[in-house]
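Throughout, protein chains are lettered first and strands after them, A, B, ... in sequence-line order, and every chain is numbered starting at 1.
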Amino acid sequence: MIKTRFAPSPTGFLHIGGVRTALFNYLFAKHSGGKFVLRIEDTDLERSLKEYEKDIIDSLNWLGINSDEEAVHQSKRFDIYRSYCGRLTTNRHAYNCYCSEELLEEDRNRLISEGKKPMYVGRCRNLKPEEENPAKPHVVRFKVERGDNLTTGFRDMIRDQYVVVSNNEIDDFVIMRADGVPTYNFAVVIDDALMNITHIIRGDDHISNTPKQVLIYNALGFTPPEFAHVSMILGEDGKRLSKRHGATSVKHYKNGGFLPEALNNYLVRLGWSYGNEEIFSMEDMIKHFSLKNINRSSAVFNMEKLLWLNSHYIKSSPPERLINMINDMDVDAGVKDANGKRTRKRRLKIEAGDKTASLIEALKPRSKTLREMKEKMHFYLYDDITYNGSLLSGFNFNDGENLNKEVSFLNEFMLFLESLPDNSGVNLIKERFNSFLSGHNWTLKEKAMIIRIALTGEKVSPGIYEVIYALGKKRSGGRILKFIDFIHNYLF
RNA sequence: GGCCCCAUAGUCUAGCGGUCAGGACGUUGCCCUCUCACGGCAAUAACACGGGUUCGAAUCCCGUUGGGGCUGCCA
């Protein structure tokens with residue numbers, strides 16, 4: 001049975017690049033009815049944090065990339081690594097190295113200045129038994145077999161070719177630190193072997209590590225798994241994606257109003273394709289995923305396309321779900337007051353209901369993110385909307401006749417509102433409003449804008465019927481009065 | 001520096017010896033229209049370069065250039 005894993009180290013929030021490798025591993029396993037598991041590689045005791053681990057797990061959950069087994073923690077398996085390390089030293093596939101870090105540093109500098117490779121000089125490679133002193137601080141190094149024609153390699157499933165390097169290119173790398181903690185290259189091998197991982201899908205920054213790992217598999221008598229190295233995700237500047245490029249962690253996207261399926265869909269198409277298809281549900285991805293359709297070259301992260309997918313999924317989500325997700329965003333949409341200051345009221349949770357649902361329906365095609373959607377709901381969520389003079393440009397209120405005409409229209413509109421049945425739906429409002437206008441020989445084109453501005457305080461909003469419906473008779477009426485008030489205060 | 005990986009429009013990609021080099025995002029124009037969007041239609045733009053192999057190369061080989069990665073008692 002196929003079994004894959006995602007093995008992040010909890011030294012940072014779950015990164016977008018990590019999500020893609022997790023997704024690929026997940027899809028590959030699920031495609032063949034196999035298992036996908038999570039392994040926390042927390043051997044870097046300095047930098048690993050529980051907070052990050054929690055973020056990784058929460059983020060994967062949010063994305064629907066779930067582990068089939070309880071997550072394995074490397075920090076709880078130090079005894080295992082030690083015992084395998086012992087096997088290697090007794091096999092003479094590894095040796096104790098007593099060189100101090102300072103000495104190593106000197107070696108390195110000297111070799112570099114001589115224009116040579118900064119590899120371990122081999123001082124402790126062939127120590128006599130009497131020279132050993134395990135009580136002294138030491139690391140354990142893997143003893144790479146030397147010889148001009150010796151090579152080590154592996155087949156990469158994505159490139160469908162062998163990557164082979166000369167053993168002379170491979171240093172006698174450390175597998176066990178002085179404090180008894182295994183290094184990455186050692187712990188991965190032990191765990192992947194013991195966990196029966198059949199396929200390793202990971203970033204191609206691990207290509208050069210793989211020969212080292214193959215050496216360990218062989219020395220321990222394990223059969224190496226299949227390897228598939230996926231290219232990196234680059235920022236717009238062509239450099240490897242990092243914090244410098246802005247939002248790189250999943251939580252940024254969650255709180256920024258992205259839907260998990262948009263992120264998954266975007267990421268799966270970064271490097272993988274299925275003909276000309278662009279839209280994939282999780283089921284679609286599982287159904288069609290295969291390693292041979294993964295591209296070899298690196299991909300540049302493109303926010304525009306992610307936004308396109310996000311708006312696509314917003315459009316196809318029911319309002320109730322959208323409301324829940326908006327309320328779930330950690331950092332709120334950050335509603336600003338007239339002075340551009342954020343206010344406390346942004347904590348307010350949106351209540352579900354017919355009017356809210358209708359408004360959200362109207363806002364769907366206008367919002368690329370949920371954050372944007374919530375900002376556009378401001379006029380609906382809060383009553384303290386403000387007007388400013390620039391809203392009046394275009395009405396030519398300096399002309400007194402014009403002013404009187406519009407104000408009397410607004411007054412007529414008040415009467416119209418009062419005449420509306422209390423529980424009017426959008427369709428009835430539309431019908432009544434249109435006959436109200438034509439009864440006075442007005443057109444929608446002439447009159448929609450001033451109502452929009454009065455009701456929302458904005459020149460841009462959803463359709464006018466939806467706005468009236470969402471606000472209701474009472475709130476709408478209040479705003480008309482407030483607006484008339486504003487006009488007079490502003491002009492006189 | 002050494003070693004490894006990669007190379008189709010601005011971006012993601014299809015292509016796997018013979019195609020008018022296809023799709024998507026973006027951009028531009030038009031249509032729709034109460035604003036803004038959505039939507040519809042159309043347009044724009046690519047095989048990095050140089051050698052081979054072949055009747056024929058985006059496709060195969062070599063080199064150049066460019067980009068990325070590794071070169072830690074990080075992962």
With P as the reference atom in both, quote the distance from B:A46 to B:G22 in angstrom, rounded to an integer.
11 Å

Touch check for A:Ala299, heavy atoms < 4.0 angstrom, all strands: base, sugar-phosphate only, or nothing?
sugar-phosphate

How many Å lie between CG on A:Asp204 and P on B:A7, as a whole number?
11 Å

Please state how far atom CD1 in A:Ile453 lies from atom C1' in B:C36, giving the value in whole angstrom units.
13 Å

For atom C1', what is the distance between B:C12 and B:C6, given to the nearest Å?
16 Å

Base, sugar-phosphate or nothing for A:Lys315? Non-hydrogen atoms, less than 4.0 Å.
sugar-phosphate

Quickly work out the A:Phe289 CZ to B:U13 P distance and round it to whole Å.
13 Å

Identify whether any heavy atom of A:His206 sits under 4.0 Å from a base atom; if not, whether one sits that close to sugar-phosphate; answer base, sugar-phosphate or nothing.
base

Side chains of A:Thr183 and A:Asn185: any donor to acceptor distance under 3.5 Å?
no

Separation of A:Lys368 atom NZ from B:C36 atom P, in whole Å?
15 Å

Side-chain donor or acceptor of A:Asp205 under 3.5 Å from a matching atom on the base of B:A75?
no

Any side-chain N or O of A:Ser273 less than 4.0 Å from the OP1 or OP2 oxygen of B:A14?
yes

Rounded to whole angstrom, note down the P distance from B:U28 over to B:U33.
23 Å

Can you find an N or O donor on one side and an acceptor on the other, under 3.5 Å apart, linking the side chain of A:Arg366 with the base of B:C38?
no

Checking contacts here: which listed nucleotide (B:C3, B:C36, B:G68) is nearest the side-chain heavy atoms of A:Lys239?
B:G68

Identity of whatever pairs with B:A58 - Watson-Crick or G-U, under 3.5 angstrom:
none

On the six-membered ring of A:Phe142, is A:Lys212 placed so that its NZ or CZ lies under 6.0 angstrom from the centre and within 45° of the ring axis?
no

Between B:G50 and B:G66, how many Å separate the two P atoms, rounded to a whole number?
16 Å

Determine the contact category for A:Glu101: base if any of its heavy atoms lies under 4.0 Å from a base atom, sugar-phosphate if only primed atoms, P, OP1 or OP2 are that close, otherwise nothing.
base

Ion pair present between A:Asp284 and A:Lys287, side-chain N to carboxylate O less than 4.0 angstrom?
no

So what does A:Val139 touch, heavy atoms closer than 4.0 Å: a base, only the sugar-phosphate, or nothing?
base

In whole angstrom, give me the gap between the P atoms of B:G2 and B:U59.
28 Å

Whole angstrom value for the distance that separates P of B:C73 from CD of A:Gln74
17 Å

For A:Phe483, run the ring-ring contact (aromatic ring centres under 6.0 Å, His included) check against A:Phe413, A:Tyr387, A:Phe395 and tell me which one passes.
A:Tyr387

Check whether any side-chain nitrogen or oxygen of A:Arg240 sits under 4.0 Å from OP1 or OP2 of B:G69, and answer yes or no.
yes

Report which part of the nucleic acid A:Thr183 touches: base, sugar-phosphate, or nothing (heavy-atom distance under 4.0 Å, all strands).
sugar-phosphate

On the six-membered ring of A:Tyr380, is A:Arg475 placed so that its NZ or CZ lies under 6.0 angstrom from the centre and within 45° of the ring axis?
yes

Close side-chain approach of A:Leu291 and A:Phe28, heavy atoms under 4.5 Å
yes

Complementary nucleotide of B:C70, counting Watson-Crick and G-U pairs under 3.5 Å
B:G2

A:Arg108 side chain N/O closer than 4.0 Å to the phosphate oxygens (OP1, OP2) of B:G72?
yes

Using distance alone, with no hydrogens and no angle criterion, decide if A:Tyr184 and A:Asn209 have a side-chain donor and acceptor under 3.5 Å apart.
no

Taking 4.0 angstrom as the limit, do A:Asp191 and A:Arg5 come out as a salt bridge?
no

Classify the side-chain pair A:His138/A:Asn133 by whether it contains a donor and acceptor separated by less than 3.5 Å.
no

Atom-to-atom span, CG of A:Asn295 to C1' of B:A58 - whole angstrom
14 Å

Tell me whether the side-chain N or O atoms of A:Glu278 pair up with the base of B:G23 as donor and acceptor below 3.5 Å, since no angle test is needed here.
yes

Residue matched to B:U19 through Watson-Crick or wobble contacts both under 3.5 angstrom:
none

With rounding to the closest Å, how many angstrom separate the C1' atoms on B:U44 and B:C49?
25 Å

In numerical order, the residues of residues 36-46 of chain A whose heavy atoms come under 4.0 Å of RNA chain B are A:Glu41, A:Thr43, A:Asp44

Quick one: do A:Asp107 and A:Lys116 make a salt bridge, cutoff under 4.0 Å?
no

Of the nucleotides B:A75, B:U71, B:A24, which has the atom closest to the A:Pro118 side chain?
B:U71

Taking A:His229 as the fixed residue, which of A:Arg202, A:His206, A:Arg296 is the one that meets the side chain to side chain donor-acceptor pair (under 3.5 Å) rule?
A:Arg202

May I ask you to check whether A:Asn434 and A:Tyr465 show a side-chain donor-acceptor distance below 3.5 Å?
yes

Whether A:Lys117 contacts B:G1 is assessed here as follows: a side-chain N or O lying under 4.0 Å from the phosphate OP1 or OP2. Is that the case?
no

Which nucleotide, B:C3, B:A7, B:C38, lies nearest any side-chain atom of A:Pro365?
B:C38

Syn if the chi torsion is within 90° of 0, anti otherwise; quick check, which is B:C38?
syn

Separation of A:Arg202 atom CZ from B:G68 atom P, in whole Å?
22 Å

Shortest side-chain distance from A:Ser297, nucleotide among B:C25, B:U8, B:G67
B:U8

Hey, are A:Lys50 and A:Glu53 close enough for a salt bridge, meaning a charged N less than 4.0 Å from a carboxylate O?
yes

In terms of side-chain heavy atoms of A:Glu169, which of B:G26, B:C73, B:G2 is nearest?
B:G2

So A:Gly271, base contact, sugar-phosphate only, or nothing? Heavy-atom distance under 4.0 Å.
sugar-phosphate

What is the nucleic acid contact for A:Arg159, judged by heavy atoms within less than 4.0 Å: base, sugar-phosphate only, or nothing?
sugar-phosphate

Distance criterion of 3.5 Å, no angle test: do you see the side chain of A:Asn276 paired donor-to-acceptor with the base of B:G22?
yes

Check every strand shown and say whether A:Lys116 touches a base, only sugar-phosphate, or nothing at a heavy-atom separation below 4.0 Å.
nothing

Partner nucleotide of B:A7 by Watson-Crick or wobble geometry (both distances under 3.5 Å)
B:U65

Determine, for A:Arg366 against A:Glu372, whether the closest basic-nitrogen to carboxylate-oxygen distance falls under 4.0 angstrom.
no

Could you identify the nucleotide paired to B:A43, looking across every strand shown and requiring Watson-Crick or G-U wobble geometry with both distances under 3.5 Å?
B:U27

When we call it a touch if two heavy atoms are under 4.0 Å apart, what does A:Asp156 touch: a base, just sugar-phosphate, or nothing?
nothing

Picking from B:G69, B:C5, B:A75, which would you name as closest to the side chain of A:Ser208?
B:G69

P spacing across the pair B:A21 / B:A9, given as an integer number of angstrom
15 Å

To the nearest Å, give me how far apart CG (A:Asn265) and P (B:G23) are.
20 Å

Find every protein N or O atom lying less than 3.5 Å from an N or O atom of nucleotides 29-34 of chain B, and list the pairs.
| from | atom 1 | to | atom 2 | distance (Å) |
| --- | --- | --- | --- | --- |
| B:C34 | O2 | A:Arg452 | NH2 | 2.7 |
| B:C34 | N3 | A:Ile464 | N | 3.2 |

